[in-house]
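Read the structure below first, then the notes.
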Amino acid sequence: MSIHLLPAVPAANARGAAAVRGGGRRGEAEAHWRKGVKASGAGLWADAKRHFVRAAYLAPDQGLFWSNLAQAHRKLGDLPAAETAARRAVALDPSDLLARKLCGITLTEQHRYGEAVAVFAAHPPGAPRDHDYHCEYGQALYMLGRILESSRQFILSFTCKPDFVPAHARLSNAFARLGMHSEAAECLRTVELLQPWDAQALGNLVHQTQNACQWDRLMQDTARLHESIEHHSPVQTTPFTYLAMDSTPHQQRLAAEISARFEFGGVKPLPADRRALRAAGERLRIAYVSGDFQHHATAMLMTEVLEMHDRERFEIFLYSYGPDDRSAWRRRVMQSSEHWIDAEQISDLDLARRIRADGIDIAVDLKGFTRATRMKVFAYRPAPIQVAWLGYPGTCGAGFIDYVIGDPVVTPREVQPDYSERIAQMPWSYQPNDRQRPLGAPATRAMCGLPADAFVFCCFNNAYKIMPAVFDRWCALLHAVPDSVLWLYEANPQATDNLQREARERGIDPGRIFFAPFVAQERHLARLAVADLFLDTLPYNAHTTASDALWAGVPLVTCIGDTFASRVAASLLRAVGCDELITRSLDEYQALALALAGDRARLAEIRQRLIDSREAAPLFDSPRFAIGIERLFERMAQRHREGLAPDSLWAVEDEQ
């Protein structure tokens, strides 16, 4: 959910007007203030700022002038100036609710959440509070990771104003972070009652019920969401939701474009960058921008590729806006590049300015429409060439992203119309891998709580990827293979309970379904190897979990779909030489899994082939991958040097 903002300009109420009445300088100050209010009402924020500056200069003891000036600075994107003006207003009157809210919001928008919380917490005990105050206070707490405290503020917010939609929506976010996905869904049903056909609320509602594996109203909610984006002109959607639900490439692009317009339509790009791209032969400056440079799937996949970049031809910058988890992955990523920039508390505009000042030639967004994204940095157009890769398997629908990196399987030529970006294909898979991932000491079935003699079907995908149609096939396999069990990732207690209930309704003893808790990657890879066959999900495939399984030597059966997210496992299987495990319908998928369960010799041959491929298969060849992505960067750069617009860059046959 987006951050709820205060009204554009505080109303000139009787108290405020009375406070500024007077003659001489005070009267001149009031005149400027009124002109500023009129200009801001017309959206002329530069004019408004000029008048508010003059009013505050003439009457510096009037907090209302400083609050208005803070809002004008904020609307013009100058958050430090907005913060200074808001702090001045708070200092003049610590009980001024408007000033305190503005001060807290300007800090939140600069990602300085701890300071924002301190500002909200310092509001005097007897001073008035309203729904906006509680909601913005709660948001700062939420962003700081203090989820329970944030929940209390959101509840206080809609206690003050029961129909205040942002409070219900944000409480949903907090419940989701606490693993209370069913409760999160109920909050969103309230939002949808207050704002019928709200595509953002509907999208989040579908996602939360998927997280809980609560499928009783999934078809109706999904249909209502599709109708909302196609027939009710929503202003905002949840693009990520569409990746894991039954949706078409067209619907995914539409959802992304709607959100991109809402989120970034008002962003004014930085002044045109007139410097020439570095000439052929000079080191290209490549920036990777992400909040996931820590113990996260993105870092686990790409770190070795970062280490393999040719430092004679490329200068690598990492801009990290995520928290420091003090993990070994964080330390390794930091050491993999020449330039590490900690941008966690840098505003989007200032980060864009930093990227521009660093002379970046190609900036790569590794997040897209995922949690804690800062795509807005790219909306400012800090780099001549801007690329989406790895974090978001679909189109961003944003005109400021020039290329999306895919491959011949996830983004074949015929899908170009479904992308706002131009497709740039890697020769094998778009997904990098790290050959240094330790497999750890082999686990045993007993260590994993699994029966020693059973055939173990497994899937370690997150719960929201498990759809009823696929679960039907899993239960059919359990019926057909009596000595088999199903081993799943324990995403949250609600999903566990609901999946056990769904199994029982399909005639399967819930005792045949085992759940594995989250563990660090080394332990996960060690336990994976005890499974016999990985069953993929549709329409959102296994991505990192698929490459983990293949690295551990576990065969994987997938069903290829029509969207990027539904074709990733097929891409990985192609890159590891196991095309025969790719199916094209759920009937084929079930039949192949059943055949493999009944042919242990064939399964053992595939497993051995996977183990042998760790050194030779393109999927695990990090040096080869680094060369491939560098060639893509050079092709992008050469087009730019020649004055050509971005265009599709298809995989070169001799590289495959």
Side-chain angles (χ1 to χ4, degrees), residues 209-210 212-216 218-219 244 246 445-446 448-491 493-516 527-542 545-546 549 554-561 566 569 573 578 580-607:
T209 56
Q210 286 179 303
C213 295
Q214 185 178 341
W215 300 329
D216 52 325
L218 181 60
M219 288 182 62
D246 289 323
R445 292 273 180 95
C448 299
L450 295 168
D453 299 327
F455 185 91
V456 178
F457 294 108
C458 79
C459 181
F460 282 88
N461 289 356
N462 217 313
Y464 69 83
K465 296 186 180 182
I466 302 174
M467 293 288 279
V470 169
F471 195 71
D472 286 342
R473 305 297 176 144
W474 293 354
C475 289
L477 287 167
L478 292 175
H479 277 296
V481 185
D483 66 339
S484 65
V485 298
L486 180 62
W487 192 25
L488 303 176
Y489 170 56
E490 188 176 27
Q494 293 178 339
T496 297
D497 291 345
N498 285 326
L499 287 171
Q500 289 175 328
R501 177 180 52 79
E502 293 286 346
R504 187 181 296 110
E505 291 177 359
R506 289 163 173 79
I508 297 296
D509 178 359
R512 294 176 66 189
I513 302 180
F514 294 80
F515 292 88
R527 73 182 178 186
L528 250 177
V530 308
D532 292 300
L533 184 63
F534 192 110
L535 300 175
D536 196 16
T537 48
L538 189 77
Y540 201 130
N541 288 173
T545 47
V554 181
L556 178 150
V557 174
T558 191
C559 180
I560 193 169
S566 66
L573 287 167
C578 288
E580 72 270 26
L581 299 180
I582 303 168
T583 66
R584 298 190 175 276
S585 73
L586 286 178
D587 285 343
E588 287 184 21
Y589 166 91
Q590 181 180 332
L592 178 58
L594 182 59
L596 290 170
D599 191 343
R600 304 299 175 91
R602 182 183 175 193
L603 205 57
E605 183 275 325
I606 297 171
R607 180 183 288 268

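Basis for what follows: all heavy atoms, side chains included, without hydrogens, waters or symmetry-related copies. As the structure is a computational prediction, the values presented were derived from the model and not from experiment.
A heavy-atom distance below 4.5 Å is found between the side chains of Leu218 and Met467. You'll find the side chain of Val456 stays beyond 4.5 Å of the side chain of Val530, heavy atoms only. Side-chain contact between Leu499 and Phe515 is present, with at least one heavy-atom pair separated by less than 4.5 Å. Using a 4.5 Å heavy-atom cutoff, the side chains of Phe514 and Cys448 are not in contact. Arg512 has its side chain out of reach of Leu486: every pair of non-hydrogen atoms, C-beta onward, lies at least 4.5 Å apart.
The minimum heavy-atom distance between Arg445 and Ala454, with the atom names listed, is NH1-O, 2.9 Å. Closest of all the heavy-atom pairs between Ser484 and Val481 is OG-O, 2.5 Å. Contact between Arg602 and Ala595 at its shortest, heavy atoms only, is NH1-CB, 4.5 Å. Contact between Phe534 and Ala549 at its shortest, heavy atoms only, is CD1-CB, 3.7 Å. Scanning both residues, Arg527 and Trp487, for their nearest heavy atoms gives O-CH2, 3.4 Å. In terms of heavy-atom proximity, Ala593 sits nearest to Phe457 at O-CE2, 4.3 Å.
Note that CG of Leu592 is 12.5 Å distant from CG of Asp587, once rounded to the nearest 0.5 Å. One distance of note links CZ of Phe455 with CG of Leu596; it measures 7.0 Å at 0.5 Å rounding. Taken from CG in Leu488 to CD in Gln500, the straight-line distance is 10.0 Å, to the nearest 0.5 Å. Atom-to-atom distance recorded for Leu533:CG and Cys459:SG is 10.5 Å, nearest 0.5 angstrom. Rounded to the nearest 0.5 Å, atoms CD1 (Ile606) and SG (Cys578) are 6.5 Å apart. The structure places CD1 of Ile508 at 4.5 Å from CG of Leu478, a figure rounded to the nearest 0.5 Å.
Judged by distance alone, the side chain of Arg473 and the main-chain N or O of Tyr589 form no donor-acceptor pair under 3.5 Å. A side-chain donor-acceptor contact under 3.5 Å links Gln210 to the backbone of Ala244. At distances below 3.5 Å, at least one donor-acceptor pair connects side-chain atoms of Asn498 with backbone N or O atoms of Gln494.
Ionic pairing of Arg504 and Asp497 is not present here: no N-O contact between side-chain nitrogen and carboxylate oxygen is shorter than 4.0 angstrom.
Summarising the local packing, CZ of Arg584 is surrounded by 12 or fewer heavy atoms from other residues, nucleotides or ligands at distances under 6.0 Å. Annotation: Asp453, atom CG; neighbour count of heavy atoms from other residues, nucleotides and ligands within 6.0 Å does not exceed 12.
Partners of Ala529 according to the side-chain contact (heavy atoms from CB on, under 4.5 Å) rule, which considers only residues two or more places apart in sequence or in another chain, do not exist here. For the side-chain contact (heavy atoms from CB on, under 4.5 Å) test, residues two or more places apart in sequence or in another chain that qualify with Asp472 are Arg506.
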Scan the side chains in residues 535-542 for donor-acceptor partners under 3.5 Å anywhere in the protein, sequence neighbours excluded, and list what turns up.
residue	atom	partner	partner atom	Å
Asp536	OD1	Ala542	N	2.7
Asp536	OD2	Asn541	ND2	3.2
Asp536	OD2	Thr558	OG1	2.5
Thr537	OG1	Asn461	ND2	2.6
Thr537	OG1	Tyr540	O	2.6
Asn541	OD1	Arg567	N	3.4
Asn541	OD1	Val568	N	3.3
Asn541	OD1	Ala569	N	3.2
Asn541	ND2	Thr537	O	2.9

